[in-house]
Amino acid sequence: MFRATINADILKDSMEAISTLVDEARFKLDKDGISTRAVDSANVAMITLELDADAFESYECTDGEICLDMLKLVDILGMADKSDKIELELNTETHKLMIRMGGLAYMLSLLDPSSMRKEPKTPNLDLPAKVVLNGKDMRLAVKAAEKVSDHMALGVDGDIFFMEARGDTDQVRLQRTKDELIDLTSSGPARSLFSLDFLSDIAKVVSKVNEVTIHLGKDYPIKIDFEIADGKGKVGYLLAPRIESD
Amino acid sequence: MFRATINADILKDSMEAISTLVDEARFKLDKDGISTRAVDSANVAMITLELDADAFESYECTDGEICLDMLKLVDILGMADKSDKIELELNTETHKLMIRMGGLAYMLSLLDPSSMRKEPKTPNLDLPAKVVLNGKDMRLAVKAAEKVSDHMALGVDGDIFFMEARGDTDQVRLQRTKDELIDLTSSGPARSLFSLDFLSDIAKVVSKVNEVTIHLGKDYPIKIDFEIADGKGKVGYLLAPRIESD
Amino acid sequence: MFRATINADILKDSMEAISTLVDEARFKLDKDGISTRAVDSANVAMITLELDADAFESYECTDGEICLDMLKLVDILGMADKSDKIELELNTETHKLMIRMGGLAYMLSLLDPSSMRKEPKTPNLDLPAKVVLNGKDMRLAVKAAEKVSDHMALGVDGDIFFMEARGDTDQVRLQRTKDELIDLTSSGPARSLFSLDFLSDIAKVVSKVNEVTIHLGKDYPIKIDFEIADGKGKVGYLLAPRIESD
């Protein structure tokens, strides 16, 4: 059983954070909230999302699991106004999720769990550098990097956090000192290279977020975490590095 | 002779209501105003429009008929600001309609009436259900229906008006009780299926209209009527049903 | 040596005025400011731009010349907010122009001057008619003309300035009397025909300009001049006429 009401903008932001990486997602439902963990088809990026029961206006749920077509879901939520309340109700007999908003009822078929990929394991990573910055900075750096290359390095050098990209003729670099950041701590230099394909999608999502926490290593994956729903939920991205060719 | 001045937004709204269904239209001009009746090329939808002489700021006209390229006309009107006054003047010698706005003069050639389809007859329909609703509701239902199907049913069941669409896996339904509508009267249940091709275009036009009157039957055409120009004009759409396959 | 700071909107407007006609430009730098003169690849249109040292917040420069990829430059400036300060610094060793804004540093490679076209000469023209008008009028006339033709005539007839285009069936004309213009002086009638390809691009640029000065002759080039940066810079377009076929 799953029946819940939630503000449209919270649900939209949450689901778009997922759909930016994967087309389909498997959600765990229990009394504490809903959560998902999924990797993109190329196994390069992972998204984890938790949305607490508190983030909902009303929430009734017994343990369960549902698989959803994220593109359809985000498309449907796109019809809601920001201030709309959205009602969700699972019909376990018809295998459909009823989505209600403003008198409109949409019955979305669940996907068959057996056709879905298994939930990925979260790798255990020890990343030496941590940076907290405004999501706008990340978006700006990624947009600039796209003009010169298809990949981008992020790193920490002493008290400086940098994002940079080198093209055949041009280069672009955004750097922030510890003073200009919300926070920076590191136990040594870090620098890793990432595909802009994924960073670009992630940067669009975080561009609205005031506090984004980044964990970095040396030629290691990057973790990008932030809160949603006024702290009643969290999103985490994990992105594998590209090998830097000299 | 035809010489008239009118607010840009009234003329724009009127002409767009026509151009959404037909590319060319034949207008009757007389001292009481202008009017048109036209069917789309597939004979599925009919538009009737009447714009009273009162809807114009100034209006001088003797009986006549002109045929216009609606796409060109709407394109030209698109250059006007909402608050512009538009002057129209027919030159019967050059067979052109002079359109003046803000110092700009556009001479639009009339189409040859002999190359146009004859004016359609208005069928005499006895439709048992009548619903008055906000045009926004219709637009919302149509946008949702487009996500699951290419056709949509509208109907009345007791005190409930509904619009619904069924796709291969998903369904969508918007319903309003009599209390939630501006008005609903019926002498029995009604339900007919329509192509979203036409409903979608019509819904865009009525989305700005506060009071839209719908007449419905059982597998019968739908009539969609509303006022323009503060009641000094009216638009009516008539749309043939599709046969529902079970 | 060249090191300068300037408001983003001034630099954007200036560079877009150039990039609308040419993809690459050669700039002269000296203590009084920067300037360029370039013709499009078909030798139909010429742009001249001068931006005084006063137009910059800070300006240090020794005599020099740099060649820039205008499309890249305008693309980079597109990332700046209107109120941003932009820092420019030439590195003569690496042959790169450093562009800094909001913590972002972009290193743009200079183009090789030897691969560029030579600076064109400015023809000496004696144009009998001069019109000063709001750039919006020009934009409106060009947009209307595009609906009927691919070229447009501009001219002066007594106290009337006109812009007009004739298509196969339709015609469009915008005219302004001397009273409706900022200024009009002429020593005889003028009328020349121009390709809308170029006029359309120029009209987009001047649409934001309150005072545009046009010099016209009879089947002669047109000069279109206006100030930028509160009078601390100026832009001039020169456009060759098309021969009018009767």
Side-chain angles (χ1 to χ4, degrees), chain A residues 2-3 5-9 11-12 15-16 18-19 23-27 65-116, chain B residues 131-184 191 194 196 199-200 203-204 206-212 214 216:
Chain A
F2 173 66
R3 191 186 305 146
T5 311
I6 188 166
N7 276 328
D9 57 347
L11 192 61
K12 266 189 197 179
M15 297 303 112
E16 283 171 5
I18 302 169
S19 69
D23 294 350
E24 306 177 341
R26 177 195 306 261
F27 290 87
E65 197 181 67
I66 56 173
C67 297
L68 296 176
D69 183 322
M70 296 309 296
L71 300 185
K72 274 193 189 175
L73 180 56
V74 164
D75 191 26
I76 297 163
L77 298 178
M79 290 187 296
D81 283 329
K82 279 207 158 201
S83 56
D84 275 357
K85 300 272 177 258
I86 296 190
E87 290 172 57
L88 303 169
E89 186 174 352
L90 183 63
N91 187 325
T92 46
E93 281 176 25
T94 59
H95 293 285
K96 289 184 196 290
L97 181 68
M98 173 76 85
I99 303 164
R100 279 201 197 83
M101 46 185 169
L104 190 76
Y106 193 106
M107 270 166 61
L108 177 67
S109 283
L110 303 184
L111 300 178
D112 178 4
S114 68
S115 71
M116 300 269 301
Chain B
V131 174
V132 185
L133 80 167
N134 190 312
K136 269 185 212 160
D137 281 354
M138 193 166 168
R139 172 87 158 131
L140 180 63
V142 166
K143 278 175 74 178
E146 287 172 336
K147 298 191 189 304
V148 302
S149 181
D150 58 0
H151 49 267
M152 183 185 196
L154 288 90
V156 169
D157 185 7
D159 270 2
I160 288 171
F161 166 67
F162 62 88
M163 301 183 258
E164 64 181 22
R166 282 157 206 247
D168 290 336
T169 58
D170 302 343
Q171 295 166 33
V172 68
R173 179 177 167 107
L174 185 141
Q175 67 176 40
R176 292 275 185 269
T177 60
K178 186 169 180 168
D179 292 350
E180 296 166 330
L181 294 161
I182 301 169
D183 196 15
L184 183 155
R191 178 195 169 90
F194 302 97
L196 279 169
L199 268 188
S200 170
K204 266 178 223 158
V206 303
S207 66
K208 291 178 273 177
V209 180
N210 288 330
E211 280 197 25
V212 179
I214 292 177
L216 274 170

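Here the structure is a predicted model, which is why all the values come from computation and not from measurement. Residue numbers start from 1 in every chain, and the chains themselves are labelled A, B, ... in the order their sequence lines are given, proteins ahead of strands.
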Greatest number of non-hydrogen atom pairs under 4.5 angstrom with chain A, of B/Asp170, B/Val172, B/Val148, falls to B/Asp170
To the nearest 0.5 Å, atom CE of A/Met79 lies from atom CZ of B/Arg139 at 11.5 Å
| said: For A/Lys85, is the NZ atom crowded, meaning more than 12 foreign heavy atoms sit under 6.0 Å from it? | reply: yes
To the nearest 0.5 Å, atom OH of A/Tyr106 lies from atom CD of B/Gln171 at 10.0 Å
Step through the shown structure and confirm whether more than 12 heavy atoms of other residues, nucleotides or ligands are within 6.0 Å of CG on B/Asp168. no
So NZ of B/Lys147 and CG of A/Leu108: to nearest 0.5 Å the spacing works out to 12.0 Å
- [ ] Could you check B/Thr169 against A/Lys72 for side chain to side chain contact (heavy atoms under 4.5 Å, CB included), going step by step and ending with a plain yes or no?
- [x] CA-CA 12 Å; B/Thr169 58; A/Lys72 274 193 189 175; 3.3 Å; yes
Most heavy-atom pairs under 4.5 Å with chain A, out of B/Arg173, B/Glu164, B/Arg176, B/Glu180, belong to B/Arg173
